[in-house]
Amino acid sequence: MNKYTYCLYNGKRPVSWVSAILLVLALVFSGAGLAEVPNAVPPEGEHKGDDVPQPIHFPHDTHAKINEINCMYCHTYARRSKVAGIPPTSKCMGCHSVIATDSDRIKKLTEYWEKNESPPWKKVHDVPDYVHFTHEKHMKRFLFDNEDMEVERVSEVCAFCHGEVKDMEVANKVKPLNMGFCQRCHEANGGPSDCWACHK
Amino acid sequence: MSLQNVLTNWSQYRKTHEDGGFYDYEHMWGMSVDLNKCTGCNACSVACYAENNLAVVGKEKFDKGQGMHWMRVERYWDEPDLAAGESTEFSEHGGSFLPMMCQQCNAATCEPVCPVAATYHTPDGLNAQVYNRCIGSRYCSNNCPYRLRYFNFYSYYESSWPEPLNMQLNPDLSVRDKGVMEKCTFCVQRIRVAKDTASRENQALVDGDITPACVQTCPTKALVFGDLINTESKLSKLWASHEVELGKTEQHKKNKEKRGYRVFEELNTDPCVMYLERVKEV
(Lines give C-alpha, C1' and ligand atoms only; values in the text may rest on other atoms or scores of the structure.)
Protein backbone atom coordinates (compact mmCIF):
# COMPACT_ATOMS: atom_id res chain seq x y z
CA MET A 1 0.00 0.00 0.00
CA ASN A 2 1.59 3.28 -1.06
CA LYS A 3 1.19 6.67 0.55
CA TYR A 4 -1.63 7.81 -1.69
CA THR A 5 -3.85 4.80 -1.19
CA TYR A 6 -3.24 5.08 2.54
CA CYS A 7 -4.53 8.64 2.44
CA LEU A 8 -7.55 7.56 0.45
CA TYR A 9 -8.43 4.89 2.94
CA ASN A 10 -7.88 7.24 5.81
CA GLY A 11 -10.17 9.82 4.30
CA LYS A 12 -7.41 12.46 4.51
CA ARG A 13 -5.88 14.59 1.81
CA PRO A 14 -2.22 14.04 1.03
CA VAL A 15 -1.01 17.55 1.95
CA SER A 16 2.62 17.88 2.91
CA TRP A 17 4.01 20.54 5.26
CA VAL A 18 5.86 22.28 2.41
CA SER A 19 2.80 22.66 0.25
CA ALA A 20 0.78 23.80 3.25
CA ILE A 21 3.27 26.59 4.00
CA LEU A 22 3.39 27.57 0.32
CA LEU A 23 -0.39 27.71 0.27
CA VAL A 24 -0.51 30.03 3.29
CA LEU A 25 2.20 32.27 1.78
CA ALA A 26 0.35 32.38 -1.55
CA LEU A 27 -2.84 33.40 0.23
CA VAL A 28 -1.05 36.16 2.16
CA PHE A 29 0.65 37.64 -0.90
CA SER A 30 -2.25 37.30 -3.30
CA GLY A 31 -4.52 39.14 -0.88
CA ALA A 32 -2.10 42.05 -0.45
CA GLY A 33 -2.96 44.00 -3.60
CA LEU A 34 -6.73 43.57 -3.47
CA ALA A 35 -9.40 45.75 -1.95
CA GLU A 36 -9.89 44.85 1.69
CA VAL A 37 -13.58 44.47 2.20
CA PRO A 38 -14.16 42.86 5.56
CA ASN A 39 -15.99 39.57 5.59
CA ALA A 40 -15.48 38.89 1.90
CA VAL A 41 -13.08 37.06 -0.38
CA PRO A 42 -12.77 39.01 -3.65
CA PRO A 43 -12.91 37.01 -6.89
CA GLU A 44 -9.68 36.32 -8.72
CA GLY A 45 -8.98 36.97 -12.36
CA GLU A 46 -7.87 39.75 -14.68
CA HIS A 47 -9.05 40.66 -18.12
CA LYS A 48 -8.02 43.17 -20.75
CA GLY A 49 -11.22 44.56 -22.19
CA ASP A 50 -11.52 46.48 -25.44
CA ASP A 51 -11.80 50.25 -25.34
CA VAL A 52 -15.43 51.21 -25.65
CA PRO A 53 -15.73 54.68 -27.21
CA GLN A 54 -18.53 56.60 -25.53
CA PRO A 55 -20.47 59.51 -27.06
CA ILE A 56 -18.97 61.77 -24.39
CA HIS A 57 -15.54 60.98 -22.95
CA PHE A 58 -16.79 60.53 -19.40
CA PRO A 59 -14.04 60.80 -16.74
CA HIS A 60 -14.87 58.45 -13.86
CA ASP A 61 -11.74 59.55 -12.00
CA THR A 62 -12.85 63.20 -11.82
CA HIS A 63 -16.19 62.20 -10.36
CA ALA A 64 -15.43 59.23 -8.11
CA LYS A 65 -11.84 59.89 -7.04
CA ILE A 66 -11.21 63.65 -7.05
CA ASN A 67 -14.73 64.73 -6.09
CA GLU A 68 -15.48 61.54 -4.11
CA ILE A 69 -18.99 61.09 -5.42
CA ASN A 70 -20.54 57.83 -4.27
CA CYS A 71 -20.98 55.29 -7.12
CA MET A 72 -24.62 54.85 -6.16
CA TYR A 73 -25.33 58.57 -6.54
CA CYS A 74 -25.43 58.09 -10.30
CA HIS A 75 -25.87 54.31 -10.58
CA THR A 76 -28.93 54.52 -8.37
CA TYR A 77 -30.60 51.23 -9.12
CA ALA A 78 -27.71 49.02 -7.97
CA ARG A 79 -29.16 48.83 -4.47
CA ARG A 80 -32.66 47.76 -5.46
CA SER A 81 -32.61 46.26 -8.92
CA LYS A 82 -30.96 43.78 -11.25
CA VAL A 83 -29.15 46.45 -13.22
CA ALA A 84 -27.13 49.30 -11.76
CA GLY A 85 -28.43 51.67 -14.40
CA ILE A 86 -27.02 54.62 -16.29
CA PRO A 87 -28.14 57.94 -14.81
CA PRO A 88 -30.69 59.99 -16.71
CA THR A 89 -29.31 63.10 -18.39
CA SER A 90 -31.27 65.18 -15.90
CA LYS A 91 -29.02 63.85 -13.16
CA CYS A 92 -25.93 65.01 -15.08
CA MET A 93 -27.54 68.39 -15.65
CA GLY A 94 -28.40 68.66 -11.97
CA CYS A 95 -24.76 69.55 -11.37
CA HIS A 96 -23.59 70.52 -14.82
CA SER A 97 -26.04 73.31 -15.36
CA VAL A 98 -23.71 75.22 -13.02
CA ILE A 99 -20.44 73.26 -12.78
CA ALA A 100 -17.81 73.29 -15.56
CA THR A 101 -20.27 74.58 -18.12
CA ASP A 102 -17.53 75.94 -20.37
CA SER A 103 -15.78 72.59 -20.99
CA ASP A 104 -16.20 70.89 -24.38
CA ARG A 105 -17.71 67.73 -22.89
CA ILE A 106 -20.34 69.60 -20.95
CA LYS A 107 -21.21 71.67 -24.00
CA LYS A 108 -21.82 68.41 -25.85
CA LEU A 109 -23.91 67.14 -22.96
CA THR A 110 -25.94 70.36 -22.92
CA GLU A 111 -26.61 69.91 -26.63
CA TYR A 112 -28.10 66.49 -25.98
CA TRP A 113 -30.07 67.91 -23.07
CA GLU A 114 -31.53 70.73 -25.14
CA LYS A 115 -32.48 68.29 -27.92
CA ASN A 116 -34.32 66.21 -25.27
CA GLU A 117 -32.11 63.23 -26.03
CA SER A 118 -29.86 61.14 -23.85
CA PRO A 119 -26.32 60.47 -24.99
CA PRO A 120 -26.21 56.96 -26.56
CA TRP A 121 -23.99 55.43 -23.88
CA LYS A 122 -22.48 52.04 -24.76
CA LYS A 123 -22.68 49.07 -22.41
CA VAL A 124 -19.28 48.02 -21.11
CA HIS A 125 -20.04 45.21 -18.67
CA ASP A 126 -22.41 42.74 -20.26
CA VAL A 127 -23.12 39.17 -19.23
CA PRO A 128 -24.66 36.67 -21.66
CA ASP A 129 -28.45 36.52 -22.00
CA TYR A 130 -28.65 33.15 -20.24
CA VAL A 131 -27.24 34.60 -17.02
CA HIS A 132 -29.41 36.00 -14.27
CA PHE A 133 -27.35 38.51 -12.34
CA THR A 134 -28.82 40.92 -9.84
CA HIS A 135 -26.88 43.84 -8.39
CA GLU A 136 -29.32 44.10 -5.51
CA LYS A 137 -28.39 40.79 -3.89
CA HIS A 138 -24.66 41.42 -4.19
CA MET A 139 -24.97 44.90 -2.71
CA LYS A 140 -27.01 43.45 0.13
CA ARG A 141 -24.47 40.73 0.89
CA PHE A 142 -21.29 42.81 0.62
CA LEU A 143 -22.46 46.30 1.59
CA PHE A 144 -25.72 46.63 3.50
CA ASP A 145 -25.57 43.32 5.40
CA ASN A 146 -21.82 43.73 5.93
CA GLU A 147 -21.43 45.28 9.38
CA ASP A 148 -17.86 46.52 8.95
CA MET A 149 -18.53 48.14 5.61
CA GLU A 150 -19.66 51.74 5.35
CA VAL A 151 -21.78 52.84 2.42
CA GLU A 152 -19.21 55.60 1.72
CA ARG A 153 -16.71 52.92 0.71
CA VAL A 154 -19.03 51.28 -1.80
CA SER A 155 -16.46 51.62 -4.60
CA GLU A 156 -14.41 48.86 -2.95
CA VAL A 157 -17.35 46.52 -3.33
CA CYS A 158 -17.95 47.60 -6.92
CA ALA A 159 -14.26 47.00 -7.62
CA PHE A 160 -14.74 43.26 -7.08
CA CYS A 161 -16.23 42.90 -10.53
CA HIS A 162 -15.68 46.28 -12.18
CA GLY A 163 -12.06 46.94 -11.19
CA GLU A 164 -10.85 50.29 -9.90
CA VAL A 165 -13.19 52.37 -12.02
CA LYS A 166 -12.34 55.48 -10.01
CA ASP A 167 -8.82 55.34 -11.47
CA MET A 168 -10.11 55.08 -15.04
CA GLU A 169 -11.52 57.71 -17.32
CA VAL A 170 -13.97 55.93 -19.57
CA ALA A 171 -14.87 52.65 -17.86
CA ASN A 172 -13.23 49.56 -19.24
CA LYS A 173 -13.84 45.89 -18.56
CA VAL A 174 -10.94 44.64 -16.43
CA LYS A 175 -12.46 41.46 -14.94
CA PRO A 176 -13.38 38.40 -17.00
CA LEU A 177 -16.98 38.14 -15.68
CA ASN A 178 -17.20 34.54 -16.88
CA MET A 179 -18.58 31.55 -15.05
CA GLY A 180 -15.27 30.58 -13.44
CA PHE A 181 -14.90 34.12 -12.09
CA CYS A 182 -18.37 34.06 -10.54
CA GLN A 183 -18.08 30.50 -9.29
CA ARG A 184 -14.75 30.99 -7.47
CA CYS A 185 -16.22 33.92 -5.56
CA HIS A 186 -19.44 32.04 -4.84
CA GLU A 187 -17.44 29.15 -3.39
CA ALA A 188 -15.24 31.43 -1.29
CA ASN A 189 -18.14 33.50 0.07
CA GLY A 190 -20.80 30.82 0.35
CA GLY A 191 -22.93 31.97 -2.57
CA PRO A 192 -25.44 29.59 -4.15
CA SER A 193 -24.03 26.84 -6.36
CA ASP A 194 -27.36 25.77 -7.80
CA CYS A 195 -27.33 26.09 -11.63
CA TRP A 196 -30.71 27.76 -11.72
CA ALA A 197 -29.62 30.40 -9.21
CA CYS A 198 -27.75 32.13 -12.06
CA HIS A 199 -28.77 30.44 -15.30
CA LYS A 200 -32.12 31.15 -16.82
CA MET B 1 -15.74 22.04 -9.49
CA SER B 2 -19.09 23.17 -10.69
CA LEU B 3 -19.69 19.75 -12.20
CA GLN B 4 -19.00 18.34 -8.79
CA ASN B 5 -21.63 20.68 -7.38
CA VAL B 6 -24.11 19.48 -9.93
CA LEU B 7 -23.41 15.85 -9.18
CA THR B 8 -23.76 16.48 -5.45
CA ASN B 9 -27.08 18.23 -5.95
CA TRP B 10 -28.13 15.47 -8.25
CA SER B 11 -27.96 12.82 -5.61
CA GLN B 12 -29.02 15.16 -2.83
CA TYR B 13 -32.36 16.29 -4.17
CA ARG B 14 -33.18 13.43 -6.46
CA LYS B 15 -35.42 10.81 -4.96
CA THR B 16 -33.98 7.45 -5.90
CA HIS B 17 -35.95 4.32 -6.53
CA GLU B 18 -34.37 2.45 -3.66
CA ASP B 19 -35.02 5.20 -1.16
CA GLY B 20 -38.56 6.43 -0.75
CA GLY B 21 -37.62 9.31 1.55
CA PHE B 22 -37.19 12.97 0.81
CA TYR B 23 -34.27 15.22 1.44
CA ASP B 24 -33.90 18.76 2.62
CA TYR B 25 -35.97 20.50 0.02
CA GLU B 26 -36.48 24.21 0.61
CA HIS B 27 -39.77 24.09 -1.23
CA MET B 28 -41.48 21.56 -3.37
CA TRP B 29 -43.50 23.31 -6.02
CA GLY B 30 -46.47 21.36 -7.21
CA MET B 31 -49.73 21.80 -9.00
CA SER B 32 -53.22 20.48 -9.07
CA VAL B 33 -55.42 20.31 -12.15
CA ASP B 34 -59.16 19.93 -11.74
CA LEU B 35 -60.40 18.26 -14.92
CA ASN B 36 -63.98 18.96 -13.92
CA LYS B 37 -63.28 22.66 -14.23
CA CYS B 38 -61.10 22.44 -17.34
CA THR B 39 -63.01 23.51 -20.44
CA GLY B 40 -60.12 22.85 -22.82
CA CYS B 41 -59.94 26.50 -23.86
CA ASN B 42 -56.13 26.44 -24.28
CA ALA B 43 -55.66 29.79 -22.54
CA CYS B 44 -52.97 28.22 -20.33
CA SER B 45 -51.07 27.15 -23.42
CA VAL B 46 -51.28 30.62 -24.95
CA ALA B 47 -50.16 32.22 -21.69
CA CYS B 48 -47.18 29.88 -21.62
CA TYR B 49 -46.22 30.84 -25.18
CA ALA B 50 -46.27 34.50 -24.21
CA GLU B 51 -44.47 34.13 -20.89
CA ASN B 52 -41.74 31.66 -21.80
CA ASN B 53 -40.63 32.84 -25.26
CA LEU B 54 -41.95 29.68 -26.89
CA ALA B 55 -41.40 29.53 -30.62
CA VAL B 56 -44.37 29.30 -32.93
CA VAL B 57 -43.18 26.62 -35.35
CA GLY B 58 -45.94 26.64 -37.96
CA LYS B 59 -48.36 24.02 -39.24
CA GLU B 60 -45.93 21.73 -41.06
CA LYS B 61 -43.49 21.35 -38.21
CA PHE B 62 -46.32 21.02 -35.74
CA ASP B 63 -47.65 18.10 -37.79
CA LYS B 64 -44.27 16.41 -37.44
CA GLY B 65 -44.58 16.70 -33.67
CA GLN B 66 -42.09 19.52 -33.32
CA GLY B 67 -44.45 21.92 -31.57
CA MET B 68 -42.96 23.73 -28.58
CA HIS B 69 -46.01 23.83 -26.33
CA TRP B 70 -44.66 23.42 -22.79
CA MET B 71 -48.23 23.46 -21.63
CA ARG B 72 -50.44 21.45 -23.93
CA VAL B 73 -54.08 20.45 -23.67
CA GLU B 74 -54.54 16.87 -24.78
CA ARG B 75 -57.92 15.94 -26.20
CA TYR B 76 -59.47 12.52 -25.76
CA TRP B 77 -62.68 11.08 -27.14
CA ASP B 78 -64.83 8.40 -25.63
CA GLU B 79 -64.67 5.10 -27.43
CA PRO B 80 -67.47 4.94 -29.97
CA ASP B 81 -70.26 2.51 -29.40
CA LEU B 82 -69.90 0.49 -32.60
CA ALA B 83 -72.92 -1.69 -31.87
CA ALA B 84 -75.10 1.42 -31.85
CA GLY B 85 -73.68 2.39 -35.24
CA GLU B 86 -71.43 5.26 -34.05
CA SER B 87 -68.66 6.30 -36.37
CA THR B 88 -65.00 5.67 -35.45
CA GLU B 89 -64.18 9.18 -36.61
CA PHE B 90 -64.38 12.13 -34.20
CA SER B 91 -67.60 11.74 -32.35
CA GLU B 92 -69.93 14.56 -31.49
CA HIS B 93 -69.85 13.89 -27.79
CA GLY B 94 -67.59 12.53 -25.10
CA GLY B 95 -64.61 14.82 -25.58
CA SER B 96 -62.42 15.41 -22.55
CA PHE B 97 -59.31 17.44 -21.94
CA LEU B 98 -56.09 16.87 -20.07
CA PRO B 99 -53.72 19.81 -19.63
CA MET B 100 -50.18 18.43 -19.52
CA MET B 101 -47.20 20.37 -18.27
CA CYS B 102 -43.89 19.05 -16.92
CA GLN B 103 -44.81 16.93 -13.91
CA GLN B 104 -41.62 17.96 -12.04
CA CYS B 105 -41.08 14.35 -10.95
CA ASN B 106 -39.07 13.85 -7.80
CA ALA B 107 -37.59 10.68 -9.30
CA ALA B 108 -37.44 12.13 -12.78
CA THR B 109 -36.51 9.65 -15.48
CA CYS B 110 -34.98 12.41 -17.61
CA GLU B 111 -32.29 13.34 -15.09
CA PRO B 112 -30.01 10.29 -14.83
CA VAL B 113 -29.73 9.86 -18.60
CA CYS B 114 -28.34 13.31 -19.37
CA PRO B 115 -24.69 12.83 -20.37
CA VAL B 116 -23.69 16.40 -19.43
CA ALA B 117 -25.78 16.99 -16.29
CA ALA B 118 -27.78 19.71 -18.02
CA THR B 119 -30.89 18.53 -16.26
CA TYR B 120 -30.87 18.11 -12.51
CA HIS B 121 -33.02 18.57 -9.43
CA THR B 122 -33.04 21.93 -7.67
CA PRO B 123 -33.42 22.45 -3.90
CA ASP B 124 -36.92 23.70 -4.80
CA GLY B 125 -37.91 20.25 -6.00
CA LEU B 126 -37.98 21.44 -9.59
CA ASN B 127 -36.62 19.49 -12.49
CA ALA B 128 -34.28 22.05 -14.02
CA GLN B 129 -32.99 22.34 -17.55
CA VAL B 130 -29.82 24.39 -18.03
CA TYR B 131 -29.99 25.52 -21.64
CA ASN B 132 -26.41 26.65 -22.06
CA ARG B 133 -25.18 23.32 -20.77
CA CYS B 134 -27.43 21.20 -23.02
CA ILE B 135 -25.75 19.53 -25.99
CA GLY B 136 -28.98 18.22 -27.51
CA SER B 137 -28.51 14.48 -27.15
CA ARG B 138 -32.31 14.16 -26.62
CA TYR B 139 -31.90 11.21 -24.24
CA CYS B 140 -34.06 13.01 -21.68
CA SER B 141 -36.90 13.47 -24.13
CA ASN B 142 -36.77 9.82 -25.09
CA ASN B 143 -36.81 8.78 -21.46
CA CYS B 144 -39.72 11.00 -20.39
CA PRO B 145 -42.88 8.87 -20.12
CA TYR B 146 -45.04 12.00 -20.43
CA ARG B 147 -43.32 13.32 -23.58
CA LEU B 148 -43.10 16.77 -22.04
CA ARG B 149 -39.69 17.80 -23.27
CA TYR B 150 -39.39 19.76 -26.46
CA PHE B 151 -36.40 19.95 -28.72
CA ASN B 152 -35.39 22.91 -30.86
CA PHE B 153 -34.82 21.24 -34.21
CA TYR B 154 -34.36 24.62 -35.85
CA SER B 155 -33.43 28.12 -34.90
CA TYR B 156 -36.78 29.83 -34.61
CA TYR B 157 -35.65 33.32 -33.67
CA GLU B 158 -35.98 34.83 -37.16
CA SER B 159 -39.14 32.99 -38.17
CA SER B 160 -41.05 33.15 -34.91
CA TRP B 161 -40.32 36.71 -33.85
CA PRO B 162 -39.68 38.83 -36.98
CA GLU B 163 -39.22 42.52 -36.24
CA PRO B 164 -40.88 44.10 -34.34
CA LEU B 165 -42.25 40.96 -32.61
CA ASN B 166 -38.91 40.41 -30.91
CA MET B 167 -39.89 43.28 -28.63
CA GLN B 168 -42.43 40.98 -26.97
CA LEU B 169 -39.77 38.54 -25.76
CA ASN B 170 -39.54 38.07 -22.03
CA PRO B 171 -36.08 39.22 -20.90
CA ASP B 172 -36.23 37.07 -17.77
CA LEU B 173 -35.39 33.91 -19.64
CA SER B 174 -33.24 33.12 -22.61
CA VAL B 175 -34.41 32.49 -26.16
CA ARG B 176 -33.34 28.95 -26.92
CA ASP B 177 -31.44 28.28 -30.10
CA LYS B 178 -31.44 25.09 -32.15
CA GLY B 179 -30.02 21.95 -30.61
CA VAL B 180 -31.33 22.68 -27.12
CA MET B 181 -33.95 20.80 -25.13
CA GLU B 182 -36.52 22.81 -23.23
CA LYS B 183 -39.42 22.15 -20.92
CA CYS B 184 -41.90 23.67 -18.50
CA THR B 185 -40.13 25.32 -15.58
CA PHE B 186 -43.18 26.19 -13.46
CA CYS B 187 -42.22 29.76 -14.48
CA VAL B 188 -38.99 29.73 -12.51
CA GLN B 189 -38.41 33.39 -13.41
CA ARG B 190 -41.51 34.31 -11.42
CA ILE B 191 -40.39 32.14 -8.52
CA ARG B 192 -37.05 33.95 -8.61
CA VAL B 193 -38.70 37.38 -8.56
CA ALA B 194 -41.00 36.40 -5.69
CA LYS B 195 -38.04 35.12 -3.68
CA ASP B 196 -36.01 38.26 -4.37
CA THR B 197 -38.93 40.45 -3.33
CA ALA B 198 -39.45 38.45 -0.16
CA SER B 199 -35.78 38.66 0.79
CA ARG B 200 -35.73 42.41 0.06
CA GLU B 201 -38.59 42.88 2.49
CA ASN B 202 -37.08 40.40 4.96
CA GLN B 203 -40.15 38.24 4.84
CA ALA B 204 -40.76 34.59 4.18
CA LEU B 205 -42.50 33.45 1.03
CA VAL B 206 -46.23 33.26 1.56
CA ASP B 207 -48.57 30.88 -0.22
CA GLY B 208 -49.94 32.73 -3.24
CA ASP B 209 -46.84 34.89 -3.81
CA ILE B 210 -46.02 32.89 -6.90
CA THR B 211 -48.42 32.36 -9.78
CA PRO B 212 -47.19 30.70 -12.97
CA ALA B 213 -48.56 32.12 -16.20
CA CYS B 214 -50.93 29.19 -16.85
CA VAL B 215 -52.43 29.37 -13.37
CA GLN B 216 -52.84 33.12 -13.64
CA THR B 217 -54.65 32.79 -16.95
CA CYS B 218 -56.95 29.82 -16.30
CA PRO B 219 -60.47 31.32 -16.54
CA THR B 220 -62.08 28.54 -14.50
CA LYS B 221 -59.33 28.35 -11.87
CA ALA B 222 -58.80 24.68 -12.66
CA LEU B 223 -55.09 25.02 -11.91
CA VAL B 224 -53.70 25.53 -8.41
CA PHE B 225 -50.02 26.12 -7.74
CA GLY B 226 -48.25 25.94 -4.41
CA ASP B 227 -45.67 24.49 -2.07
CA LEU B 228 -46.13 20.85 -1.08
CA ILE B 229 -43.69 21.13 1.84
CA ASN B 230 -45.76 23.86 3.45
CA THR B 231 -48.66 21.91 4.94
CA GLU B 232 -50.70 25.11 5.30
CA SER B 233 -50.68 25.94 1.60
CA LYS B 234 -53.84 25.70 -0.43
CA LEU B 235 -52.24 23.06 -2.61
CA SER B 236 -51.15 20.82 0.27
CA LYS B 237 -54.64 20.93 1.70
CA LEU B 238 -56.06 20.03 -1.69
CA TRP B 239 -53.71 17.05 -1.98
CA ALA B 240 -54.58 15.95 1.54
CA SER B 241 -58.31 16.32 0.98
CA HIS B 242 -58.10 14.09 -2.07
CA GLU B 243 -55.89 11.61 -0.23
CA VAL B 244 -53.03 11.82 -2.68
CA GLU B 245 -49.56 11.43 -1.20
CA LEU B 246 -46.07 11.87 -2.56
CA GLY B 247 -43.63 8.99 -2.68
CA LYS B 248 -46.13 6.30 -3.55
CA THR B 249 -46.64 4.20 -6.64
CA GLU B 250 -50.24 3.51 -5.76
CA GLN B 251 -52.68 5.56 -3.70
CA HIS B 252 -54.63 3.58 -1.14
CA LYS B 253 -57.64 5.75 -0.48
CA LYS B 254 -60.01 5.31 2.39
CA ASN B 255 -62.69 7.16 0.48
CA LYS B 256 -62.93 5.77 -3.05
CA GLU B 257 -65.00 8.77 -4.12
CA LYS B 258 -61.96 11.07 -3.95
CA ARG B 259 -60.96 12.09 -7.44
CA GLY B 260 -57.24 12.78 -7.09
CA TYR B 261 -54.70 10.81 -9.08
CA ARG B 262 -51.27 11.30 -10.58
CA VAL B 263 -50.44 10.37 -14.14
CA PHE B 264 -48.16 7.33 -14.45
CA GLU B 265 -47.36 7.24 -10.74
CA GLU B 266 -47.05 3.45 -11.05
CA LEU B 267 -43.80 4.08 -12.94
CA ASN B 268 -42.37 5.50 -9.69
CA THR B 269 -41.58 8.88 -11.21
CA ASP B 270 -43.26 10.52 -8.21
CA PRO B 271 -44.77 13.48 -10.09
CA CYS B 272 -45.67 16.70 -8.26
CA VAL B 273 -48.83 17.33 -10.29
CA MET B 274 -52.13 15.97 -9.12
CA TYR B 275 -55.12 15.63 -11.44
CA LEU B 276 -58.70 15.54 -10.23
CA GLU B 277 -60.70 13.09 -12.27
CA ARG B 278 -63.57 14.32 -14.41
CA VAL B 279 -66.98 13.23 -13.23
CA LYS B 280 -69.08 12.25 -16.20
CA GLU B 281 -72.75 12.07 -16.72
CA VAL B 282 -73.77 8.53 -17.45
Side-chain angles (χ1 to χ4, degrees), chain A residues 8 11 13 23 41 43-45 72 76-86 123 125-147 151 176-200, chain B residues 1-10 12-13 25-27 29 52-53 104 111 114 116-134 157 166 169-177 180 182 185-193 195-202:
Chain A
L8 273 182
R13 286 179 181 210
L23 191 71
V41 184
E44 306 158 24
M72 288 191 296
T76 324
Y77 312 116
R79 79 192 77 168
R80 56 187 158 97
S81 167
K82 274 191 195 174
V83 288
I86 289 172
K123 201 167 184 181
H125 297 90
D126 200 5
V127 286
D129 285 350
Y130 49 78
V131 176
H132 164 84
F133 175 85
T134 159
H135 275 88
E136 180 199 353
K137 288 221 156 180
H138 292 83
M139 297 306 273
K140 193 167 185 248
R141 161 68 180 82
F142 293 114
L143 187 68
F144 300 120
D145 285 359
N146 194 347
E147 283 177 10
V151 179
L177 303 188
N178 53 19
M179 184 167 151
F181 179 80
C182 297
Q183 186 63 26
R184 277 197 296 272
C185 188
H186 271 227
E187 273 170 19
N189 294 305
S193 62
D194 182 40
C195 303
W196 258 9
C198 308
H199 286 297
K200 58 183 190 182
Chain B
M1 265 199 222
S2 1
L3 180 63
Q4 201 183 353
N5 278 328
V6 169
L7 294 174
T8 320
N9 285 345
W10 209 348
Q12 191 183 349
Y13 297 111
Y25 290 105
E26 289 168 24
H27 304 279
W29 305 118
N52 290 306
N53 300 344
Q104 310 290 358
E111 285 167 17
C114 181
V116 291
T119 177
Y120 76 106
H121 226 66
T122 68
D124 277 9
L126 289 180
N127 174 251
Q129 176 74 16
V130 187
Y131 305 124
N132 53 318
R133 189 165 204 126
C134 178
Y157 184 76
N166 58 348
L169 289 169
N170 185 351
D172 288 342
L173 74 166
S174 44
V175 179
R176 285 76 56 183
D177 207 342
V180 171
E182 58 183 63
T185 60
F186 272 3
C187 287
V188 70
Q189 64 277 12
R190 295 190 177 201
I191 297 177
R192 214 178 262 140
V193 167
K195 279 183 173 176
D196 283 1
T197 312
S199 87
R200 184 186 304 136
E201 289 163 2
N202 285 323

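All values derive from a computational prediction rather than experimental measurement. Numbers restart at 1 for each chain; the letters A, B, ... are given by sequence-line order, proteins then strands.
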Side chain, backbone, both or neither: which part of B/R192 has a non-hydrogen atom closer than 4.5 Å to chain A? side chain
Who are the ring pair (Phe, Tyr, Trp, His ring centres under 6.0 Å) partners of A/H186, not counting sequence neighbours? none
With a 4.5 angstrom heavy-atom cut-off, which part of A/H132 approaches chain B: side chain, backbone, both or neither? side chain
Are any non-hydrogen side-chain atoms of B/D177 and B/Y131 less than 4.5 angstrom apart? no
Are the aromatic rings of B/Y25 and B/H27 close, with centres under 6.0 Å apart? no
Interface moiety of B/D124 toward chain A, non-hydrogen atoms closer than 4.5 Å: neither
B/N132, B/V130, B/T122: which one forms the most heavy-atom pairs within less than 4.5 Å of chain A? B/N132
Less than 4.5 Å apart, side chain to side chain, heavy atoms only: is that true for A/K82 and B/D172? yes
